[in-house]
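Below is one structure, written out as structure tokens; the observations come after it.
All values below were derived from every heavy atom in this structure, side-chain atoms included, with hydrogens, water molecules and symmetry-related copies excluded. Heads up: numbering here begins at 1 and tracks the sequence. Computed from a predicted model, the values in this text were never measured in an experiment.
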Amino acid sequence: WIIPRSRLQAARMTHVHTMTHRLRDYGYTVSTGPLVWNRHKDQLRAAPGKGHLPLIWAEAITSDGRFLFRAEKRNHRPYFAPRKGDGWLIVTTPCILLQRTTSKEQRRRLIAAELPVDFLQKHDGVVIENHLNMVRAIDAKPAVAQATLNALLNSGAIDSVFRCVSGSVAVSAYELEALPLPAPGALKKLDEEKFAQRLADGPPLAIRLAKRMMYKQREMTLENALEDAALNVMITNPSEDVKEATRAFNEKRKPKFLGR
């Protein structure tokens with residue numbers, strides 16, 4: 001049932017009733033994080049070690065939709081030591097993580113973030129606690145890109161729809177899979193905008209030189225084009241943007257490029 005909580009929501013829900021697509025139509029399914037931590041207390045670890053895997057708690061998903069590996073609450077530990085037969089607890093594929101418990105007083109009921117692929121690859125898997133939902137692709141090539149779906153789940157529009165569906169603090173897998181969504185084709189523009197934004201957020205100096213090379217080298221011989229590319233690398237390598245990119249990578253944060 002879709003039950004508006006306000007007049008504004010009622011006006012919006014008129015259109016929502018015509019939305020027939022669900023997460024499965026996008027190529028995704030939802031499941032709960034498999035670890036019930038208090039059944040495995042003796043396997044929680046405070047530090048990394050041989051065979052230990054990162055343990056992802058709900059607090060790792062920040063209120064503004066970012067992934068931040070941490071375990072700061074009471075009784076929480078950042079690592080888990082799997083035993084023989086614990087393979088079902090280990091997640092090795094990319095997914096969207098979404099908090100399972102939020103209240104109507106919060107700014108957003110749906111709080112999601114992508115589990116970074118490089119984080120997964122670095123640790124050869126993670127263990128996800130059951131206060132998180134996992135939104136995972138059913139097929140190798142879903143109809144909607146994971147990054148696009150993550151942006152959609154974090155949008156005010158979908159949050160408003162969810163508030164009309166859910167009457168409790170729980171954000172259940174069943175409710176998420178039943179959530180009315182726009183047609184996959186309608187999200188193409190969002191894909192394009194995200195790609196454009198990624199370009200806009202990139203290092204201005206490197207992008208400027210790359211565009212120059214694309215146009216200039218069309219009329220060059222291969223030898224001259226390679227020489228031109230080498231010259232541009234010599235310009236970018238000592239730049240402040242390259243240093244900032246290296247710092248940001250090591251500190252696991254988004255870089256702040258200045259164009260110099």
Side-chain angles (χ1 to χ4, degrees), residues 1-6 9-10 12-13 15-40 55-68 71 73 75-76 80 88-91 93-115 126-139 142-184 187:
W1 293 89
I2 299 175
I3 304 175
R5 303 297 198 268
S6 67
Q9 286 182 347
R12 291 174 176 172
M13 292 312 112
H15 175 64
V16 170
H17 282 290
T18 68
M19 295 162 58
T20 60
H21 292 83
R22 302 294 183 267
L23 273 176
R24 186 160 290 272
D25 299 309
Y26 284 21
Y28 292 86
T29 187
V30 185
S31 58
T32 301
L35 181 73
V36 180
W37 73 270
N38 54 9
R39 297 178 185 173
H40 300 266
L55 175 51
I56 311 302
W57 302 87
E59 65 207 71
I61 311 306
T62 66
S63 60
D64 58 350
R66 292 177 296 116
F67 175 82
L68 182 61
K73 294 186 177 180
N75 296 323
H76 288 191
F80 183 83
W88 63 279
L89 292 172
I90 301 171
V91 175
T93 55
C95 62
I96 296 170
L97 299 175
L98 196 143
Q99 290 190 10
R100 271 189 67 209
T101 305
T102 57
S103 69
K104 66 180 182 179
E105 289 78 22
Q106 289 179 246
R107 187 173 64 87
R108 292 211 320 251
R109 287 294 317 275
L110 297 182
I111 301 173
E114 291 183 88
L115 178 60
V126 299
V127 175
I128 297 175
E129 200 265 336
N130 79 330
H131 281 83
L132 284 169
N133 284 309
M134 302 182 293
V135 183
R136 295 193 277 190
I138 301 168
D139 307 311
V144 174
Q146 181 177 284
T148 302
L149 177 57
N150 182 66
L152 183 67
L153 291 173
N154 277 318
S155 70
I158 296 302
D159 188 84
S160 181
V161 174
F162 183 79
R163 287 175 184 270
C164 296
V165 170
S166 175
S168 72
V169 296
V171 180
S172 72
Y174 174 81
E175 288 172 329
L176 290 171
E177 291 189 334
L179 200 62
L181 298 170
L187 299 179

Note to self: Evaluate Thr32 against Arg100 for side chain to side chain contact (heavy atoms under 4.5 Å, CB included), listing each step before the verdict.
What the structure shows: CA-CA 8 Å; Thr32 301; Arg100 271 189 67 209; 3.4 Å; yes
Notebook entry, point to check: Are Leu35 and Ile128 close enough, and set up right, to give a side chain to side chain contact (heavy atoms under 4.5 Å, CB included), and what steps lead you there?
Noted result: CA-CA 6 Å; Leu35 181 73; Ile128 297 175; over 6 Å; no
Next item on the list: Check the pair Gln99 / Val171 against side chain to side chain contact (heavy atoms under 4.5 Å, CB included), numbers first and verdict last.
Entry: CA-CA 7 Å; Gln99 290 190 10; Val171 180; over 6 Å; no
Checklist line | Derivation of the side chain to side chain contact (heavy atoms under 4.5 Å, CB included) call for Leu55 and Val126 | finding: CA-CA 6 Å; Leu55 175 51; Val126 299; over 6 Å; no
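Taking CG from Leu153 and CZ from Phe162, the interatomic distance works out to 10.5 Å, rounded to the nearest 0.5 Å. Here the CG atom belonging to Leu132 is positioned 11.0 Å from the OG atom belonging to Ser31, to the nearest 0.5 angstrom. Here the CG atom belonging to Asn38 is positioned 9.5 Å from the CG atom belonging to Asn75, to the nearest 0.5 angstrom. Between atom OG of residue Ser168 and atom NZ of residue Lys104 there is a gap of 11.5 Å, rounded to the nearest 0.5 Å. In this structure, CG in Leu115 is found 10.5 Å from CZ in Arg136, a value given to the nearest 0.5 Å.
Every side chain to side chain donor-acceptor pair (under 3.5 Å) that Thr29 has, sequence neighbours left out, goes to Glu177.
For Ile96 against Ala112, the heavy-atom pair with the smallest separation is CG2-CB, 3.8 Å. Closest non-hydrogen pair, Asp25 versus Ala143, comes out as O-CB, 3.9 Å. Residues Met134 and Pro34 share a closest heavy-atom pair of CE-CD, 3.9 Å. The two residues Pro184 and His21 come nearest to each other via the heavy atoms CD-CD2, 3.5 Å. Here the closest heavy-atom approach between residue Asp159 and residue Arg107 is recorded as OD2-O, 4.2 Å.
For the pair Asn154 (side chain) and Ala151 (backbone), a donor-acceptor distance under 3.5 Å is absent. No side-chain donor-acceptor contact under 3.5 Å links Asn133 to the backbone of Ser172. The closest donor-acceptor contact from the side chain of Tyr28 to the backbone of Gln146 lies under 3.5 Å.
A 4.5 Å side-chain heavy-atom check between Trp57 and Lys73 finds every atom pair outside the cut-off. Between Val135 and Cys95, every side-chain heavy-atom pair lies at or beyond the 4.5 Å cut-off. Between Val91 and Val127, every side-chain heavy-atom pair lies at or beyond the 4.5 Å cut-off. Residues Arg24 and Ile138 have side chains in contact (heavy-atom distance under 4.5 Å, counting atoms from C-beta outward). Within the 4.5 Å cutoff, side-chain heavy atoms of Leu110 are placed close to those of Ile158. Using a 4.5 Å heavy-atom cutoff, the side chains of Gln106 and Ile111 are in contact. Side-chain contact between Leu176 and Leu98: present, with at least one pair of heavy atoms (C-beta onward) separated by less than 4.5 Å. Between Tyr26 and Pro142 there is no side-chain heavy-atom pair separated by less than 4.5 Å.
Ring geometry for His40 against Phe80 counts as perpendicular: the plane angle is over 60°, on a 0 to 90° scale with 30° as the lower cut.
A side-chain donor from one of Glu59 and His76 sits under 3.5 Å from a side-chain acceptor of the other.
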